[in-house]
Protein chains: 4
Amino acid sequence: MPKLGMEPVRREALVRATIAEIGEEGSLDVTVARIARRAGMSSALAHHYFGGKDQIFLAAMRRILSDFGAEARRELKAAPPQRRAEAIIRACFAPASFDPVTISAWMTFYVLAQSDDAALRLWRIYQRRLTSNLTHALRGRCRDPRQAAQVLVALIDGLYIRAALHEPDAPGRAIGHALRVLALLTEAPG
Amino acid sequence: MPKLGMEPVRREALVRATIAEIGEEGSLDVTVARIARRAGMSSALAHHYFGGKDQIFLAAMRRILSDFGAEARRELKAAPPQRRAEAIIRACFAPASFDPVTISAWMTFYVLAQSDDAALRLWRIYQRRLTSNLTHALRGRCRDPRQAAQVLVALIDGLYIRAALHEPDAPGRAIGHALRVLALLTEAPG
Amino acid sequence: MPKLGMEPVRREALVRATIAEIGEEGSLDVTVARIARRAGMSSALAHHYFGGKDQIFLAAMRRILSDFGAEARRELKAAPPQRRAEAIIRACFAPASFDPVTISAWMTFYVLAQSDDAALRLWRIYQRRLTSNLTHALRGRCRDPRQAAQVLVALIDGLYIRAALHEPDAPGRAIGHALRVLALLTEAPG
Amino acid sequence: MPKLGMEPVRREALVRATIAEIGEEGSLDVTVARIARRAGMSSALAHHYFGGKDQIFLAAMRRILSDFGAEARRELKAAPPQRRAEAIIRACFAPASFDPVTISAWMTFYVLAQSDDAALRLWRIYQRRLTSNLTHALRGRCRDPRQAAQVLVALIDGLYIRAALHEPDAPGRAIGHALRVLALLTEAPG
DNA sequence: AATGAATGAGGATTCATTCAT
DNA sequence: GATGAATGAATCCTCATTCAT
C-alpha cells in the first residue's frame, strides 16, 4: 500500500528510531539495520532517504537540539521578564528533554561532536544560542552576566551527565541544584 | 631472548597507547591493531595480556581515574585544611589531567559507562570518592556541604565537556569558573 | 494526460543516454537509475520499456553498430567502385563513429561480448558484414581479398583501442595508418 | 599449519586466481570472495595482503604485462638482429600469452584502463615499451620505422580482440596476418 | 503512461580474536 | 614471550527490480 508523500513520514520515523536506539544502547554502536527495523522499514530505504549513517545521526542530533529549543521558547514566553533565566533552566530539565533515553542519546552526541565536524558545528550553534539567551536573561541581575551564563551552561551539562549515568538522585535534584546556583549568582552583593 | 618481567612494561605501554589513541580519535572507534602498533607490539600480544578489547579499555579508564586520584592526594597534602576544597578543584584542572587528549579520552569513557557495567562501576567509585572528599572539605564552610559538593562535581564535569569540544576559552577559564562558584557557595550568608 | 506514441521517443532517449553514460564512465558500471535520469525519466519506466538492464545495453550496442552501418552505406554510395575499400575505412573513422564517447562505449561493448551471448551474436554479425564488404571491395585489387580484409578489420579494431585509451596521436593518425596498410596490401606485386 | 613467509605465496596465488577468474568470466564482475576462494583463502586475507580489490586487479594486470615482457626478452635473445621484429611478434602470440583465459583477462584490463588511471598508466608503459622495441627492430628495414611499429602494435591488439571473442580462425591465423603485414612494411620499395 | 516507494540480495571492507610456531 | 597468519562475523552501502497507485 505505497502512498505518496512518504518521505517526511519515513524521515521522522527514522529520526525517532535513531534517538531511541542510541538512547537505549547508550552508544553510537547502533546499526542502520536495527534503526530501520525499529522504524518499520528496510535499511535500504533508510539509506535512500538519508544517504548514509552519518546523516541519520546528524538528523537525530538536530532533532534533539531543536526539540529543546522549542521547549525553551515555550517556557520563555510564559515567564515574566525578571524570571527568564529560571525559565530557561526549567526548560532544560523539562520532562520531554529529560527522559532517560533522550539524555543518553544527548550525551552520546556530545561525544560524536569530538570526532565529527558537522556534529561539532551543531553543538556550537546550540551552545551559543543557550549561552546568549542566558546572558540576556541575566542582564541587570548580576555583575557579569556573560560569565554567569557560562557557569550555568556548564553546570547544566554536568548535571546531564549524572542523569545519563543513572545517578539515582540526579534527575530529581538537578533542577534544584541549577536554580540554587542561579540564585547565588544573582543574589551576590553588588 | 625473551626478557623477564616484561608484563608490567607491556601493559603500561598499552594503557598509555589506548588513552592517546582514544583521545586523538575522540571516540572509541579505535582498533586493537592501532593501539598495539602505537605501543610497539603485535595485536596478538595485546590480547594475550588483557584478554580482550573491553579489558584494555577498562584498564585505560582505571588509569585515567587513578592518575587523577594521585594528583588530588598530592594537592590535598600541600593545602591548609581550610583550603582543601580549592585544592581538590585545582587538582581537577591540573595540567596533567587537563591536556586535550586526556580530556577527550575521559569524556569518551563517560559515554562508555552508559553501556558497559564495569565502566559504570569505575565511574561511580570515582564520583563517590570525589564527592565525599569535597563534602568533607566543605564541612563547616557552608550550610549543606553535601549539596554544595554535588553542585561542584557536576560543574567540573560540565567544564570538562566544553574543554573536550575545544571551546576556545574553556581551558583557561574553567578553573576560574569553578573557584568562583566555590566562593559563592561558601560565602553564602549564614 | 498521457501522450500517445511516446514509446519510440522514450526508447531512443534511453539508448542515447546509455551510450553517453557508458562512454563517459568508460565501463559498464553504470546504473539504470543514472541512465534513466539522463534520459529524463524514472528508472521504473526504463524497465517498463526494456524489461531489464541487459536489454538496455543490447539496444545501445545495436544502435552503435547500426549507426556505423548507415555511415558505411552512405560512403559506399558516393564512392567509385575501385575506391570502395577506402570508402569503408573512411566510414569507420567518420567523426560520428569516432567521437571519444562513442569509441569508449564501443570498446566496452566488445568486452560485454565476452560474457554475454546476445552481445556476442551482434558483434559477429557486424564483423561478418564488415569483413564481407571489405572482401568484395578488394576483389581484383589483391591476391587474397579475404585475408586482406581480415587484416584490415583487425587493424581497425586495434586503432580503436588506442583511441579509446586516449593515446594522444591516435585519432589523427588512425585513418592514415589504415589507408597506408590498405595501399600496401593492394599495391603488392602480382 | 601456519608458516612464516606466506605473503609472497599468497599474493602469487591471488594474482593467478584473479587472472583465471576474470578470464573465465570475461569481465571484471568478479567478487573478491570468489577470487579468494579459488586461491584457497578467505576474502579477509586477500584484503589483508592487497588492501583492496583495485589493487588486486592492478597486480594481476601487472603480472600479465610482465609475463609478456619476459617472453619477449626470451625471444629477442634467440633472434638474429635482422629478425628481431619477427621475434617480437612471435612473442606476442606465444602460447603462454595466447591461451584463451589470459587473452580474455587482457582484454578486460584494456577496458579497465578506460576508467582507472593506474591501469591506464600500466598500459601506457607497456605500449611504449612495445612500440619502442619494434621501432628499434625495424630501423634500417623500412623508411619510417616508428610509423610501421605503430601500425604493427595496433594490428596485434586488433588480432587479440578477435581471439578474445573466440573467432574460430583467429588464434591460428593471427600470427600469420601479423607477419605478413610486417613483410609488406619492410619489403616496400625504397 | 509514469512514478515514488520499497526491498532483497549481494559485495567490499573491517576487525576482534585465535592459533601454530 | 611474541608474532605472522588466518578467519568468521558483522556492517555499510548499492542496485536492479517490483508494485500499487
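The sequence lines fix the lettering, A, B, ..., with proteins before strands; numbering per chain opens at 1.
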Counting only heavy atoms from other residues, nucleotides and ligands, does the tally under 6.0 Å from CZ of B:Arg124 exceed 12?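 Counting neighbours around CZ of B:Arg124, more than 12 heavy atoms of other residues, nucleotides or ligands fall under 6.0 Å, so yes.
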
For residues C:Met41 and C:Met6, determine if any side-chain heavy atom of one lies less than 4.5 Å from a side-chain heavy atom of the other.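 Result no, sub-4.5 Å side-chain heavy-atom pair not found.
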
Measure from the side chain of [X], starting at C-beta and using heavy atoms only, and say which of [options] lies closest.
| X | options | result |
| --- | --- | --- |
| B:Ser43 | E:dT17, F:dT3, F:dC13 | E:dT17 |
| B:Leu45 | E:dT14, F:dC12, F:dA2 | F:dA2 |
| C:Thr31 | E:dA2, F:dT7, F:dA16 | F:dA16 |
| C:His47 | F:dT17, F:dC12, E:dT18 | F:dT17 |
| A:Ala44 | F:dT7, E:dA12, E:dG8 | E:dG8 |

Check whether any side-chain nitrogen or oxygen of [X] sits under 4.0 Å from OP1 or OP2 of [N], and answer yes or no.
| X | N | answer |
| --- | --- | --- |
| A:Tyr49 | E:dG4 | no |
| B:His48 | F:dG1 | yes |
| A:Arg10 | E:dG4 | no |

Does the structure show a Watson-Crick or G-U wobble partner for E:dT14, both distances under 3.5 Å? Name it, or say none.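 E:dT14 is paired, partner F:dA9.
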
With both distances kept under 3.5 Å, what pairs with E:dA1, Watson-Crick or G-U wobble?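 Answer to the pairing question: none, since E:dA1 forms no Watson-Crick or G-U pair.
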
